Amino acid sequence: DSKAMLVNFRGKPTTNYLEGKRVEMPFHTISSEEFQKLEEELLAYRMPLTQIIEQQAVLEIQKIEDETFLRHIDAAVALSTNVVAANYGANGGIPESAFRDLFNKIDGKQLQTDVMLMDTTTFNRIIIDNNTQGTFGDGGMKGEIAVNGYKYPTLYGRRIIVSNKTDLLTNKIYSFTSPEFLGEFNILNDTKFDIDKKRNLISFSAYETIGMIIANSKGAARLDLSVA
């Protein structure tokens, strides 16, 4: 940490020799299963089987990335006690005070909430149930959302990311500070699709090597929602 001080004309500031703190970032490889098929059987398919398997393998690798990231975040918010619990309102909406408490978990620690992460079902509650209870006012915006949906990139001044991974995010809203104050995510090797052929037996798999770390546990928070 840096400090400032008052110094008179003949005074000198204290000396602080700079030493940067370091944290270890572990890297690990994420791999799909190894698929095997005889060349003759592949030729018998009309559909591009290898292309379909490649697309599915990439999606599964991305899911492991997301699960690993959220495990890191859950450990961080448990360490920093940046967890807020709230019940859904009588009409199914999310109390606005819950958002305030979620933001303050980060904003109250000399950081600023930059983005929120939620799944599609939670987002639907916000744009439908919260719209009904008047979160977006009673004027034209309420009608606009009812007809066209919520088209804005921010909510309460924070960016929103909406994911279809309901198995990971149902009844939860995560918030994060800016990436440079949170941690690091590095890809050592981009996703590769490896194909090996021995006589007429073809083997193929996808893999990548990544590393991630949450360096500042105060830079993330989680809102847990439940039915009263």
Side-chain angles (χ1 to χ4, degrees), residues 58-109 111-137 141-142 144-185 210 212-214 216-228:
V58 170
L59 291 176
E60 289 301 315
I61 287 174
Q62 291 174 343
K63 183 177 181 180
I64 295 295
E65 286 182 8
D66 294 337
E67 290 174 345
T68 304
F69 172 71
L70 289 178
R71 280 200 303 271
H72 281 64
I73 292 298
D74 286 335
V77 300
L79 179 64
S80 62
T81 66
N82 280 2
V83 181
V84 176
N87 294 326
Y88 292 114
N91 70 332
I94 301 172
E96 291 185 82
S97 59
F99 289 102
R100 176 202 63 207
D101 295 341
L102 177 66
F103 299 152
N104 284 345
K105 284 293 184 180
I106 295 177
D107 296 352
K109 294 173 180 171
L111 295 167
Q112 186 171 358
T113 304
D114 179 61
V115 61
M116 288 187 288
L117 170 66
M118 66 190 74
D119 77 337
T120 49
T121 62
T122 302
F123 182 68
N124 289 340
R125 283 180 179 270
I126 294 173
I127 65 171
I128 297 174
D129 298 331
N130 281 55
N131 194 24
T132 302
Q133 71 184 25
T135 296
F136 303 106
M141 187 174 181
K142 181 176 181 179
E144 177 190 342
I145 293 174
V147 175
N148 300 316
Y150 192 84
K151 301 295 183 181
Y152 302 92
T154 61
L155 181 65
Y156 298 109
R158 279 78 175 183
R159 292 187 297 115
I160 48 176
I161 298 175
V162 181
S163 169
N164 63 357
K165 293 182 173 66
T166 55
D167 55 328
L168 300 178
L169 296 169
T170 296
N171 296 326
K172 297 177 182 177
I173 298 178
Y174 288 91
S175 63
F176 311 99
T177 190
S178 302
E180 61 267 29
F181 300 114
L182 180 62
E184 286 284 339
F185 174 80
I210 66 168
M212 68 175 69
I213 187 171
I214 305 301
N216 183 7
S217 63
K218 298 177 183 178
R222 189 184 72 226
L223 170 61
D224 294 333
L225 296 160
S226 58
V227 178

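Everything numeric here is computed off the predicted structure, so don't read it as measured data. Atoms considered below: every heavy atom in the structure, side chains included; atoms not considered: hydrogens, waters and symmetry mates. Residue numbers count from 1 along this sequence.
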Please check this pair: side chain of [X] against backbone of [Y], looking for a donor-acceptor N/O pair closer than 3.5 Å.
X: D224; Y: A85; value: no
X: S80; Y: S217; value: yes
X: D107; Y: T113; value: yes
X: N171; Y: S226; value: no

Is it true that the side chains of [X] and [Y] contain a donor and an acceptor less than 3.5 Å apart?
X: N82; Y: Y174; answer: no
X: T120; Y: N164; answer: no
X: D119; Y: T122; answer: yes
X: T177; Y: D114; answer: no

Taking side chain as C-beta onward, heavy atoms only, is [X] less than 4.5 Å from [Y]?
X: I160; Y: I126; value: no
X: R158; Y: F99; value: no
X: T68; Y: H72; value: yes
X: K165; Y: D167; value: yes
X: I73; Y: R222; value: no
X: K63; Y: E67; value: yes
X: N104; Y: V84; value: no

Before giving the answer on ring-ring contact (aromatic ring centres under 6.0 Å, His included), spell out for F176 and F69 the whole-Å C-alpha distance, their side-chain angles and the decisive distance to 0.1 Å. CA-CA 12 Å; F176 311 99; F69 172 71; 5.7 Å; yes

Which heavy-atom pair separates [X] from [Y] by the least distance, and what is that distance?
X: G92; Y: D129; answer: O-OD2, 3.3 Å
X: L102; Y: I173; answer: CD2-CG2, 3.9 Å
X: L111; Y: F181; answer: CD2-CB, 4.2 Å

Decide if atom CD of E180 counts as having more than 12 heavy atoms of other residues, nucleotides or ligands within a radius under 6.0 Å. yes

Is K218 atom NZ crowded by more than 12 heavy atoms from other residues, nucleotides or ligands, each under 6.0 Å away? no

If I take atom [atom1] from residue [X] and atom [atom2] from residue [Y], how far apart are they, to the nearest 0.5 angstrom?
X: S178; Y: N216; atom1: OG; atom2: CG; value: 11.0 Å
X: M212; Y: E65; atom1: CE; atom2: CD; value: 6.5 Å
X: M116; Y: R159; atom1: CE; atom2: CZ; value: 10.5 Å

